[in-house]
Amino acid sequence: MTAPELPPPRSSLPEAASRFGAHLLASAAAHALDVEGVTGGPPGTPSLPAPPVTSASVLAPRPLPAAPAAGAPAPSAGLERILRGPSGLGTAGLRLFPRDEPQAPPSPPAAAAEGRPVPGLYHHTVPEPDPGLVEEVSRRIKAWALDEVSLYPEDWEEQFDGFSVGRYMVGCHPDAPTVDHLMLATRLMVAENAVDDCYCEDHGGSPVGLGERLLLAHTALDPLYTTEEYRPQWAESLHADAPRRAYRSAMEYFVRAASASQADRFRHDMARLHMGYLAEAAWAQLDHVPEVWEYLAMRQFNNFRPCPTITDTVGGYELPADLHAQAGMQKVIALAGNATTIVNDLYSYTKELDAPGHHLNLPVVIAEREGLSERDAYLKSIEVHNDLMHDFEREAAALAEACPAPGVHRFLRGVAAWVDGNHHWHQSNTYRYTLPDFW
């Protein structure tokens with residue numbers, strides 16, 4: 001069976017972004033030494049982008065790099081890196097202007113990776129993450145899961161390995177300067193999945209009583225300030241189950257590397273995530289299928305947003321709070337989260353249909369609410385994803401033109417890299433995902 005003809009993908013970079021290249025060059029030349037207020041981070045993070053870390057640089061655990069002295073001139077090579085963008089995977093989608101330097105041989109096409117992309121899905125082809133770096137992150141995260149937080153029993157080990165979280169995070173954060181920075185995102189990703197699995201989904205999750213479980217787990221991210229009499233009981237509760245142990249430990253690592261505003265923005269996005277979990281749980285308890293727009297509203301909260309929002313912390317710099325909070329940036333981050341979450345709906349479709357119970361995902365909701373066949377609902381879901389991706393790229397390019405700050409551009413490239421890395425992981429993780437037979 002062949003799929004209906006889909007419109008050709010739009011350019012990944014609107015014209016506005018290419019016009020913006022010249023503007024950025026002029027702006028950067030005028031402000032080459034005044035970058036502290038744009039890219040300066042908390043103590044322990046570099047103020048300029050560092051080249052992506054590779055397996056060759058992984059010799060031993062290293063502390064987070066120290067910040068340069070206040071007022072120190074930025075090296076010209078660092079400025080040049082800001083202007084041309086990082087060279088890692090997924091950065092082409094928001095490159096502000098083409099490089100004029102010799103290019104490396106092209107990477108193998110995505111078809112060379114395991115799995116295949118959803119036919120007709122708009123995405124960017126990216127190279128395979130560095131295997132040596134993936135191995136190191138995978139080794140460290142498994143040691144953390146077993147030795148520090150006792151995350152899972154022995155019979156869950158195959159599923160933990162099959163998740164391939166090291167490969168996931170290396171692919172999503174190509175500008176992380178050290179393995180220690182990559183581990184910030186990796187621990188949080190594993191902790192978030194533990195909460196989802198153990199509280200909501202496969203491993204004993206239930207909509208019944210979910211609000212209480214999420215509230216108590218959230219205090220591992222956003223500490224409880226209470227009286228001396230009751231504080232010990234709360235502190236003890238943070239070790240009561242695997243999700244809370246994982247949240248507590250992952251957040252402790254994160255706050256040591258992040259600024260106060262970066263940590264608080266992450267807490268805010270995790271509260272959004274937990275609210276989305278509760279909406280989906282309410283529908284499950286009522287055996288209710290929401291309208292398509294209602295489902296998409298829930299998915300704007302129950303989505304990957306906390307992951308790309310920390311791209312600057314993982315990259316070793318800080319996008320200042322006022323730039324992160326501006327409406328245009330919030331729209332870009334929301335669209336990135338929405339698009340990447342529909343990617344999850346599409347790749348996990350058959351996995352969820354085979355699981356016990358009635359799982360809501362976009363194809364299921366469209367089929368039930370709009371009276372379409374499973375195949376047509378799935379194909380329409382692809383169109384919804386593609387529209388969200390085009391909106392994300394258009395809004396990101398418009399923001400890059402409107403806000404000519406190197407830190408903003410680097411953050412946008414980081415979000416785009418996360419979007420691309422997220423798709424690549426879903427496409428190639430054949431342990432977890434298979435596509436439906438609709439083509």
Side-chain angles (χ1 to χ4, degrees), residues 121-123 172 188-189 192-193 195-196 199-201 207 210-211 214-215 218 221-222 264-284 286 288-311 319 324-349 352 359-370 377-378 380-396 398-399 411-412 414-416 418-423 426:
L121 191 76
Y122 177 63
H123 68 283
C172 285
L188 289 170
M189 170 62 79
E192 290 161 29
N193 275 273
V195 170
D196 191 23
Y199 286 180
C200 308
E201 297 283 353
L210 179 59
L214 287 177
L215 173 66
H218 194 81
L221 307 173
D222 200 349
D264 202 53
R265 92 159 80 121
F266 176 74
R267 293 186 188 102
H268 186 187
D269 279 346
M270 289 301 292
R272 285 177 162 131
L273 176 66
H274 293 158
M275 184 164 64
Y277 285 170
L278 291 173
E280 189 171 20
W283 292 333
L286 297 171
H288 172 70
V289 176
E291 298 288 349
V292 176
W293 74 265
E294 292 174 322
Y295 177 82
L296 292 172
M298 180 274 291
R299 272 315 218 176
Q300 180 159 312
F301 293 85
N302 178 3
N303 75 9
F304 289 116
R305 184 186 182 121
C307 303
T309 204
I310 64 170
T311 187
L319 180 68
H324 183 270
Q326 63 177 310
M329 183 64 77
Q330 289 297 300
K331 186 174 185 179
V332 167
I333 296 170
L335 285 167
N338 293 348
T340 53
T341 304
I342 302 307
V343 164
N344 180 264
D345 277 12
L346 293 168
Y347 280 96
S348 65
Y349 177 74
E352 292 184 344
H359 288 261
L360 292 182
N361 55 53
L362 185 58
V364 165
V365 174
I366 289 177
E368 295 203 24
R369 280 298 186 177
E370 300 187 359
Y378 191 92
K380 185 169 183 180
S381 299
I382 295 173
E383 295 177 8
V384 172
H385 165 271
N386 291 353
D387 286 346
L388 289 169
M389 273 290 290
H390 295 316
D391 288 346
F392 159 66
E393 292 184 341
R394 182 172 56 251
E395 293 295 333
L399 179 59
F411 189 87
L412 291 173
V415 174
W418 205 95
V419 169
D420 294 344
N422 174 76
H423 172 268
H426 278 85

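Just the heavy atoms: all of them, side chains too, but no hydrogens, waters or symmetry mates, feed the values below. What you see is a predicted model; the values in this text were computed from it and never measured.
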Please examine the side chains of [Y] and [X], heavy atoms only from C-beta on, and report whether any two atoms are closer than 4.5 Å.
| X | Y | result |
| --- | --- | --- |
| L399 | Q326 | yes |
| Y378 | L346 | yes |
| M329 | L319 | yes |
| M298 | W283 | yes |
| T309 | V415 | no |
| V365 | E294 | no |
| W418 | F304 | yes |
| N386 | E383 | no |

Quiz prompt | F301 vs L278, side chain to side chain contact (heavy atoms under 4.5 Å, CB included): CA-CA, chis, key distance, verdict | solution = CA-CA 10 Å; F301 293 85; L278 291 173; over 6 Å; no
Quiz item: H123 side chain to L121 main-chain N or O, any donor-acceptor pair under 3.5 Å?
Solution: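 Judged by distance alone, yes, a pair lies under 3.5 Å.
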Kindly give the heavy-atom pair with the smallest separation between [X] and [Y], and that separation in Å.
| X | Y | value |
| --- | --- | --- |
| C200 | L210 | SG-CD1, 3.8 Å |
| A281 | P207 | O-CB, 3.5 Å |
| F392 | A416 | CZ-CA, 4.0 Å |
| Y295 | P290 | CB-CG, 4.0 Å |
| Q330 | A325 | CG-O, 3.7 Å |
| N303 | Q300 | ND2-O, 3.3 Å |

Practice problem: Verify side chain to side chain contact (heavy atoms under 4.5 Å, CB included) between R369 and V289, making sure each step is shown before the conclusion. | Solution: CA-CA 8 Å; R369 280 298 186 177; V289 176; 4.3 Å; yes
Measuring from [X]:[atom1] to [Y]:[atom2], what's the distance to the nearest 0.5 Å?
| X | Y | atom1 | atom2 | value |
| --- | --- | --- | --- | --- |
| H385 | L362 | NE2 | CG | 11.0 Å |
| R305 | L273 | CZ | CG | 11.0 Å |
| L296 | I366 | CG | CD1 | 7.0 Å |
| Y277 | L214 | OH | CG | 8.0 Å |
| R272 | M275 | CZ | CE | 8.0 Å |
| C172 | N422 | SG | CG | 5.5 Å |

Quiz item: Mind checking what makes side-chain hydrogen bond (donor to acceptor under 3.5 Å, both in side chains) contact with H218, not counting sequence neighbours?
Solution: H274
Practice problem: Tell me yes or no: between the side chains of H426 and T340, is some donor less than 3.5 Å from an acceptor? | Solution: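 T340 and H426 do not have a side-chain donor-acceptor pair below 3.5 Å.
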Quiz item: Run the side chain to side chain contact (heavy atoms under 4.5 Å, CB included) check on D196 and E192 step by step: do they pass?
Solution: CA-CA 6 Å; D196 191 23; E192 290 161 29; over 6 Å; no
Quiz item: What pairs meet the salt bridge (Lys or Arg N to Asp or Glu O under 4.0 Å) rule with one or both residues in residues 329-342, with sequence neighbours excluded?
Solution: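 Every salt bridge (Lys or Arg N to Asp or Glu O under 4.0 Å) pair that includes a residue of residues 329-342, provided the two are not neighbours, is K331-E395.
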Quiz item: Do you know which of D345, N338, N361 makes side chain to side chain donor-acceptor pair (under 3.5 Å) with R299?
Solution: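 Result for side chain to side chain donor-acceptor pair (under 3.5 Å) with R299: D345.
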